[in-house]
Structures are given as structure tokens and as C-alpha cells.
Number of protein chains: 2
Amino acid sequence: MRYVLEREIPARSSGRPPELRALRLERTNEQPRIANLLSPGQQSLLQDIATLITFRHGEDIFLEGSEAHSVYTVASGMVRISRTAESGRRQVMAFALPGDLFGVPEQGRYFSSTRAVGEVSLYRIPWLELSALLQREPALQASFLVRIAFDLRQAQKRILVLGQQNVSQRLATFLLELMEHEDFYDADRRQLRLPLSRFDLGDYLGTSAETVVRVLARMEKDGLLRRLSSRLLLIADAGGLSELLRGRRRND
Amino acid sequence: MRYVLEREIPARSSGRPPELRALRLERTNEQPRIANLLSPGQQSLLQDIATLITFRHGEDIFLEGSEAHSVYTVASGMVRISRTAESGRRQVMAFALPGDLFGVPEQGRYFSSTRAVGEVSLYRIPWLELSALLQREPALQASFLVRIAFDLRQAQKRILVLGQQNVSQRLATFLLELMEHEDFYDADRRQLRLPLSRFDLGDYLGTSAETVVRVLARMEKDGLLRRLSSRLLLIADAGGLSELLRGRRRND
DNA sequence: CGTGTATTTGATGCATATCAAATATTGTGG
DNA sequence: CCACAATATTTGATATGCATCAAATACACG
């Protein structure tokens, strides 16, 4: 394996100190679902203390700041994880998909709010019982450690996206990621189903619903995709979406 | 429709788990601790496999994508953790301060690049020995789990900042956070030392060095602070900085 | 004291936040 | 199944925050 070292781009770095940097390697998109990390024996240990519950579209699972008694893993459906800024605006931190873990307490309280997007079924795991179990089962705890470390990397990728990309690039990144999930992307028909409102999308991408609409319109004009309906896209040029990511922040 | 979650934000807590903060404050001639989250017994377990090493200003500790053999904790100084986007721009993910952990491998490779900011001393811990130790010591592993979970929350806070705040607000957030560290803030003189170049600051805040300069100039004009030198600020109105955070993204 | 580097200031245009309003879609009671 | 209300999406208009290119000034270091 090799990576390439380059001098810092001289063009736009007049006063900037010259530096070496490593070129970014291709990303890996493997999702370590908790269930997949566990042996059958470990799974049954978790099942013993877990309860399967369901939520309908739009129902809150828990709210930021409330007392945390349980953690959850997604059995089916999608969960919106969000936080509210001091300004009152909402930021969607992530969407939890089947196998994802959420609701890990921060000092006995939930750090974010979560809401069902569409029909959702979850495993609820009492926190106290889980932490006791983790102490007894180092291998199980190691699986959780891997899982949280993965979530940390996902969060860091979002920092990169929000810090460096313009809205078109952020949306392209999101669409390409969603296309990796069979639940939402029909590769044969090239149809991508958006389970989200424009507002949720804007809150996820750190922009407004109106801007999301305009960016989608521009992408359609540019032949990258077509809006079959507001929640269903035909991905005409996935390669073109990827190329967007290489462009600058301003302009193209 | 969107709703606003009414919730009072507690007065500035340092953002660190209380266990960490208590230990951080004691600054004596004793050996810096490997990770101030750990009990003395756990620390000695780690000490047995750790090596103390030092770096001078600007030296790279490791580069994104290279093979990862060790994890690190900061003994003293500051480490810049960054990643490079496909566009070639750099995003500073975080700054690691004493007690912080970094360099956890992703599939055997480093996920980000790290560089010393000023003189830095680190404990280097071989990854293989550490993971074996964690398997033998569930309590130690639990501490690492807590630590990573904490880092995840920090990352989520940055997502909130980058997704919702304008550059003035982001800078205010950063200054207020840095003010919590005695290493950088002299509360009596109200002097805040910036160990970073304008470029690093811009890369951290997801903006350009020039914009950082302009925002600092505006803050000075507005009486929030004074630039004693480019790396030394006098914080004239910390309350005013906090109030910035309540404003909208546009205007004000 | 000179040379490379860092910071600051200036000029300019675009991306996007925000307010408004029109249109489309979905849900609901009759 | 229809009419109507509520909600979601789209389009329009406008101001502005910020990226970007340039260049001047300040600073640091041998």
C-alpha cells in the first residue's frame, strides 16, 4: 500500500507555510452493525435484556436533555438524530439506519433528540443492565468500542463535509451515501427514494430547505438527476455527482 | 412544521467530563498523566507499555493513510488533528490537549494527520499491546469507551457549530472554549493566547485565513476584544461573545 | 539587516440566507 | 369520493456574508 506526498498547492497559498500532506485514500463505507459484530451467544445476551418497540412517522423517541434510561438499536426504518443550537435552529446530526446504535447517555441524560422517520422498530436496551453486562463481557464491550469509534469517524467525515463543501457538494455527498443503501436505492431503475422532507434535508446539510430545492433544480438542469417526484429521484449521472466533490467551494 | 425545543442551556460548563477537569487543573512538577480519566492502577498498566516522546513545533506525528502502530495521548502541548478533503483543502478536525487521546486506527491505518503545535510531549502506546491489555482489563476498556464516547460528542458539537453558525459565531465559540484552558487564558489579565496561525484557525473554523482576520477586526471594532498582537488577544467583553451565539446566521 | 513568512487590508462577485408568495401534495371530515 | 384545510414544495426577489485574487505591511529568524 502506498500514499503520495505532495507539496502544498503553491497557487492559492501566498502567505501560507509550505507543508507536506498525505493524499486522501479512497473511503470505505462498511457499516459495522452491532448485530454483525456479535457472536450468536453475545446476541442472545443482548436479546435477553432488550425490548422490541415500534414508532410511527414523526413520533419522538426521546428529547435532548431528558433522563436517559435506555440505549437503542434500529431494527428497521430510519431515525433522525438532531440537536438544537442556541439560536433555536435545528441541526440533524445523523440518520440512524438498521443496525445503528443511538441514545448513549451523557451524564445520565440524552445528548440529542430522536424522531422516527417513517415506521420504525427499535430494540430498547436498559442502560444499567447493559453497562453491567459489558463489564462481565469484555468481548461484547470491545464490540461497542468499535461501534462508537466508527460513529466518531462518521462524525468526523461530517465535519469535513460541513467545513469544506458548498451546498451542492454536501447534497451530492449525501445522495451518494444514500445510494449505498438498498433500502433507498434501486440500482436497476437508478431510483433513489428520499425518506426526508426538504426541511430535514436542509437541517442535515446545514442549509435551508429553499436552498436544497434550488440545488436539486440546478442538478436537474445539469443532467445529474431528475425529480420524478419530490421524494423520488432518478440518478442520471452518478459520476457527475462524484465529480462535484472535487471542485472548489466557490463556483462550480 | 419545525418546532423549537425550549430548554435552558446551563452556564458554561467546560465541555469536559468532570473526572477529566478535576485532574486537569492540578499543574505540578509531577509526571504528566497518560490519560487523566484513569485510576492510578490503570495508569501504571498503561505506563508499562507507553513511551514518552517529544516533537518540536511543526513536526508531523503521523500522516493520514499511513500504517498505524500506536495510539497517543498528549502529555503536554497541543496537537493539530486534520484531514484533507478531495478538493485538496485541509480541515482541522480538532486540537488535542493534555490528556486527550488520538491516533486510534481505522482498519490498521490512521484516519487523519497530526502535527505538533509548539513543543509537544506525547505518550506513544503500541496498538497491539494496548488492545491485548484492554481485553484483559474490562475496567480499562470501559474507560476508553467513555473517552471515545466523549470524543464523539465533541465531534457532534462541531457539527452543530459548522452546520448552524456563521464565521463570527464559530470564532466566538472557539475563543470561549479556549478561554476555559488556563494554559491559554490568563483570567486576571483577560489575555488569551492563540497558539495557532490564522490559517490553522481558518482551517479549523471551515473558512479562510483572511476571513478570520476580518472577523477579528470586526470584533475589535465592536469592543469585544483587542488584538495586543496577532497571537495575543485581550478579551474585553466575554458576555458579548456569548451573545453572538444567540444571533441568526445572517446579519447581526 | 535582509529574506522568507505571517498578517492585514482592499476589491469584487458569487453562493446562499431570508422573506414572500405561489403551487402542489397530503390528509381529513362529510 | 369530493371539498377543503393543512402541509410541503417550489419559485421569486433581495441583501449580504464570505471566498477568492491581489497586494501591502508587519514580523521573525538566521
Side-chain angles (χ1 to χ4, degrees), chain A residues 8-19 56-58 85 87-90 117-118 162-172 194-203 205-221 226-233 244 247-252, chain B residues 1-3 56-58 85 87-90 117-118 162-171 194-203 205-221 226-233 244 247-252:
Chain A
E8 182 79 5
I9 313 157
R12 64 163 305 287
S13 60
S14 51
R16 164 170 293 205
E19 301 189 341
R56 280 168 304 178
H57 174 71
S87 65
R89 290 182 60 117
R90 179 176 61 212
V117 177
L162 292 173
Q164 302 289 358
Q165 298 183 346
N166 62 34
V167 174
S168 298
Q169 294 172 319
R170 294 181 210 171
L171 181 58
L194 298 178
L196 307 164
S197 75
R198 298 291 188 255
F199 284 96
D200 280 346
L201 215 39
D203 289 343
L205 300 176
T207 187
S208 64
E210 297 96 318
T211 296
V212 171
V213 169
R214 283 181 233 273
V215 168
L216 279 171
R218 192 183 333 145
M219 285 177 170
E220 186 161 12
K221 187 171 70 65
R226 269 178 49 211
R227 284 175 288 185
L228 303 180
S229 77
S230 75
R231 305 286 188 107
L232 187 65
L233 304 180
L244 273 186
R248 299 224 182 140
R249 185 119 144 236
R250 177 116 167 238
N251 285 345
D252 170 75
Chain B
M1 217 43 209
R2 331 168 76 185
Y3 71 98
R56 280 168 304 177
H57 174 71
S87 65
R89 289 183 61 117
R90 179 176 60 211
V117 177
L162 292 173
Q164 301 291 0
Q165 297 182 347
N166 61 34
V167 175
S168 299
Q169 296 172 319
R170 293 182 211 172
L171 181 58
L194 298 178
L196 308 163
S197 75
R198 299 289 188 256
F199 285 97
D200 279 346
L201 214 38
D203 288 343
L205 300 176
T207 187
S208 65
E210 297 95 319
T211 296
V212 171
V213 169
R214 283 181 233 274
V215 169
L216 279 171
R218 191 181 337 140
M219 286 178 170
E220 186 161 12
K221 185 171 71 64
R226 269 179 50 211
R227 285 175 287 185
L228 303 180
S229 77
S230 75
R231 303 286 187 107
L232 187 65
L233 304 181
L244 273 185
R248 301 220 179 146
R249 187 119 144 236
R250 176 118 166 236
N251 283 346
D252 185 347

Inset, instruction - Could you tell me whether A:Arg227 atom CZ has more than 12 heavy atoms of other residues or ligands within 6.0 Å of it? - result: yes
Inset, instruction - Compare side-chain N and O positions of B:Thr211 against OP1 and OP2 of D:dA19 and report whether any pair is under 4.0 Å apart. - result: yes
Inset, instruction - Describe the nucleic acid contact of B:Gly202 in one word from base, sugar-phosphate, nothing, applying a heavy-atom distance below 4.0 Å. - result: nothing
Inset, instruction - Find the distance B:Glu210:CD to C:dT9:P and express it as a whole number of Å. - result: 13 Å
Inset, instruction - Would you mind reading off the distance between A:Leu171 atom CG and C:dA15 atom C1', rounded to a whole angstrom? - result: 15 Å
Inset, instruction - Examine D:dA19: is either OP1 or OP2 under 4.0 Å from a nitrogen or oxygen in the side chain of B:Thr207? Give yes or no. - result: yes
Inset, instruction - Tell me, yes or no, whether the heavy-atom count around B:Arg231 atom CZ, taken from other residues, nucleotides or ligands under 6.0 Å, exceeds 12. - result: yes
Inset, instruction - Could you work out which one of D:dC18, D:dT11, D:dT10 sits closest to the side chain of A:Ala217? - result: D:dT11
Inset, instruction - Name the closest nucleotide to the B:Val213 side chain, picking from D:dT11, C:dT16, C:dT8. - result: C:dT8
Legend entry - Nucleotide D:dT9, atom P - distance to CG of A:Leu232 in whole Å: 14 Å
Inset, instruction - Verify the distance criterion only: is there a donor paired with an acceptor across the side chains of A:Ser168 and A:Arg218 at less than 3.5 Å? - result: yes
Legend entry - Nearest heavy-atom neighbours spanning B:Gly163 and B:Arg249: O-NH1, 3.4 Å
Inset, instruction - Verify the contact: side-chain N or O of B:Ser208 to OP1 or OP2 of D:dA19, cut-off strictly under 4.0 Å; return yes or no. - result: yes
Inset, instruction - Would you kindly give the CZ-to-P distance between B:Arg249 and C:dC19, to the nearest whole Å? - result: 13 Å
Inset, instruction - Please report, rounded to the nearest Å, how far the P atom of C:dT9 is from the NZ atom of B:Lys221. - result: 13 Å
Inset, instruction - Starting from P on C:dA6, measure out to CG on B:Asp203 and report it in whole angstrom. - result: 13 Å
Inset, instruction - Calculate the interatomic distance between A:Gln165 atom CD and D:dC18 atom P; express it in whole Å. - result: 18 Å
Legend entry - Nucleotide nearest A:Arg89 when distance is taken to its side chain, options D:dA19, D:dT9, C:dT18: C:dT18
Inset, instruction - Send over the distance from A:Leu233 CG to D:dT9 C1', rounded to a whole Å. - result: 13 Å
Inset, instruction - Establish, with yes or no, whether the OP1 or OP2 oxygen of C:dT8 is under 4.0 angstrom from a side-chain nitrogen or oxygen of B:Arg198. - result: yes
Legend entry - Residue pair A:Gln169 / A:Leu244: nearest heavy atoms and the distance that separates them: NE2-O, 3.0 Å
Legend entry - C:dG10 base / B:Arg214 side chain donor-acceptor hit below 3.5 Å: yes
Inset, instruction - Would you tell me if any nitrogen or oxygen in the side chain of B:Ser197 comes within less than 4.0 Å of OP1 or OP2 on C:dA6? - result: no
Legend entry - Nearest listed nucleotide, side chain of A:Arg227, among D:dT11, C:dA17, D:dC18: D:dT11
